[in-house]
There are 2 protein chains.
Amino acid sequence: MTDCSPTPISLAKLRLACGNCSLHELCLPVGIGLDDVDRLDRIVKRRRPSSRGDHVFRLGDEFRAVYAIRAGSVKTYTTTEGGGEQVTGFHLPGELIGLDAIHTGTHPSSAKVLETTSLCEIPFDHLEELSAVIPSLGRQLIRIMSREIHSDDELLTLLGKKSAEERLAALLISLSNRLQQRGFSAREFHLSMSRNDIGNYLGLAVETVSRLFTRFQQLGLVTANNKHIRIERLEDLRALATGSSSCQPRG
Amino acid sequence: MTDCSPTPISLAKLRLACGNCSLHELCLPVGIGLDDVDRLDRIVKRRRPSSRGDHVFRLGDEFRAVYAIRAGSVKTYTTTEGGGEQVTGFHLPGELIGLDAIHTGTHPSSAKVLETTSLCEIPFDHLEELSAVIPSLGRQLIRIMSREIHSDDELLTLLGKKSAEERLAALLISLSNRLQQRGFSAREFHLSMSRNDIGNYLGLAVETVSRLFTRFQQLGLVTANNKHIRIERLEDLRALATGSSSCQPRG
DNA sequence: GCGCAGAAATGACGGGGGTCAACTTCCCCG
DNA sequence: CGGGGAAGTTGACCCCCGTCATTTCTGCGC
């Protein structure tokens, strides 16, 4: 019999569990004591890894929980009447999905796993109860949702105003930034989504995405081997993404 | 601050005050007692009406409060490096603006009044304190933000996939729906925003918007006299907006 | 009522990117 | 290892919508 049996959860284990996933944002920041972390940790269900193509939830599913991505990646999308898909986001480790379902109690979008992915399921009723006890938890959730709204607004600008070149550059820069924040390389990474998904997300035809990758490569901006991306000139690519490139309209 | 009402607030007045604005969503639904309504009402500052062109807040302003629209309309927009504007939304009575600022503490967008407009200012620190005391208030705020995320995702589909025709139709239908929910006519209303704003919002050139209004009128879908809009064939317009019109691509 | 400025409408034109089609590469599974 | 289907690439064509230019309309101050 080991001497640690009376303690259900060790602190070291907690830190490990919360270090890299969305709990990093939900619980670790300011104002949450160790007891509270423990309480939060108890409501979180860790799932066994999902594999490519699995659904986390589907459009129309009853809303029960939000999901935090621990490792891997997920795409969210809606289905239009005609049966067409619109990809609304690519989600990396440390992000929460399912937030758009809170309002109606039914998921208005689907989420599909792009590669082998570990998820934490956070039952929403428990989260609400716990937020009532730990106000800073609710505040943190509100902050996360606020950021979501803001990033959606940025995406609107992307789709409303930017050229095809700028859109793809912006996506690559966004992925690069987010991966770097999570401790991965900013210049070299794996695109887990298909060209089809990319085009769909950016409002472009697949063929256009293909041509753009070719052009970017000819310009020496990136090296793209299939799904492996290496950004060669990050600042130039960033300039392209923000529209402040040399070939700007009307000088 | 111009609040000159030292008198305790009567319930009748409260109902009047909250009946038509966002408080309608923030406080009236389930689970908030009269005492709580009273407490909420005390932190809300009612402003004197703003007139066309006034700013509610500007990009870069410190975040202090969210704002509920009581009457009138507001556009929100961001400014890009090049000095260009991107309109991110048109907001009607009963909606909250400023939610995207919670995350960073600084407004990432500006809000400009489109016509004479009454606003309620809700200081956010007070709202957070009150949410800790009235859990259902915080829950309601989370629900409102969830809806915001969802509606942004719908707009993404609009900008990513729809033709110019479909976009304008979708805007008109959206306005019609929202106005109807608020007790106004669904078929006849006043467009408080300029053609420029509409085009900007929808990712179209002004000229295209103009041509579309002309075409819609020729098709007998709407009657547009300047800013006065009358929807003649609402269902057909709705069909156009959802992409399920007769002239669908590839049958 | 006059005149001016900004908004809106209309026309002409060209290009960015969608569409279709053919080909190649990748990848899964027996 | 090899076959087959999906994913990705490339080329040809052309249409929608952006751009530019001009005209008309609207609102507002004097």
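Given the structure is predicted, the values throughout are model-derived calculations rather than measurements. In what follows, chains are A, B, ... by sequence order, proteins preceding strands, each numbered from 1.
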Checklist entry - Hey, does A:S210 reach any base, or is it just sugar-phosphate, or nothing, if we go heavy atoms under 4.0 Å? => result base
Next on the checklist: Test your reading of the model: is there a side-chain donor-acceptor pair from B:R187 to the backbone of B:E232, 3.5 Å cut-off?
Outcome noted: yes
Checklist entry - Distance check: side-chain N/O of B:R195 vs OP1/OP2 of C:dA9, anything under 4.0 Å? => result yes
Checklist entry - To the side chain of B:N226, which of D:dT26, D:dG18, C:dG11 is closest? => result D:dT26
Checklist entry - What integer distance in Å separates A:M193:CE from D:dA6:P? => result 22 Å
Item to check | Atom-to-atom span, NE2 of A:H228 to P of D:dG8 - whole angstrom | outcome: 16 Å
Checklist entry - Could you state the CG-C1' distance from A:L204 to C:dG16, rounded to the nearest angstrom? => result 11 Å
Checklist entry - Is a donor on one side and an acceptor on the other found under 3.5 Å between the side chain of A:S176 and the backbone of A:A186? => result yes
Checklist entry - Whole Å only: how far is the CD atom of B:Q217 from the C1' atom of C:dA9? => result 12 Å
Item to check | Atom-pair distance (CZ on A:R52; C1' on C:dC28), nearest Å | outcome: 12 Å
Checklist entry - So, is B:K227 close to the D:dT26 phosphate, meaning a side-chain N or O under 4.0 Å from OP1 or OP2? => result no
Checklist entry - Atom CZ of B:R215 and atom C1' of C:dA9: how far apart are they, to the nearest Å? => result 14 Å
Checklist outcome for this item: Checking A:R47, A:R64, A:R48 against A:E121 for salt bridge (Lys or Arg N to Asp or Glu O under 4.0 Å), the one that qualifies is A:R47
Checklist entry - Okay, side chain of A:T117, backbone of A:S73: is any donor-acceptor separation there less than 3.5 Å? => result yes
Checklist entry - Please give, in whole Å, the distance from D:dT26 P to B:N225 CG? => result 8 Å
Checklist entry - Contact class for A:G199 (heavy atom, under 4.0 Å): base, sugar-phosphate, or nothing? => result nothing
Next on the checklist: Could you tell me how far apart B:N200 (CG) and C:dA8 (C1') are, to the nearest whole angstrom?
Outcome noted: 16 Å
Item to check | Polar side-chain contact B:R211-D:dT19 base: donor and acceptor under 3.5 Å | outcome: yes
Checklist entry - Would you say D:dC16 has OP1 or OP2 under 4.0 Å from some side-chain N or O of B:S163? => result no
Checklist entry - Between A:V206 and B:A224, which is nearer to the 5' end of DNA chain C once each is assigned its nearest nucleotide? => result B:A224
Next on the checklist: Has A:R70 got a side-chain atom pairing as donor or acceptor with A:G94's backbone, closer than 3.5 angstrom?
Outcome noted: no
Checklist entry - Think A:T208 has a side-chain N or O under 4.0 angstrom from the OP1 or OP2 of C:dG18? => result yes
Checklist entry - From C:dG11, D:dG8, C:dG18, pick the nucleotide closest to the side chain of B:E207? => result C:dG11
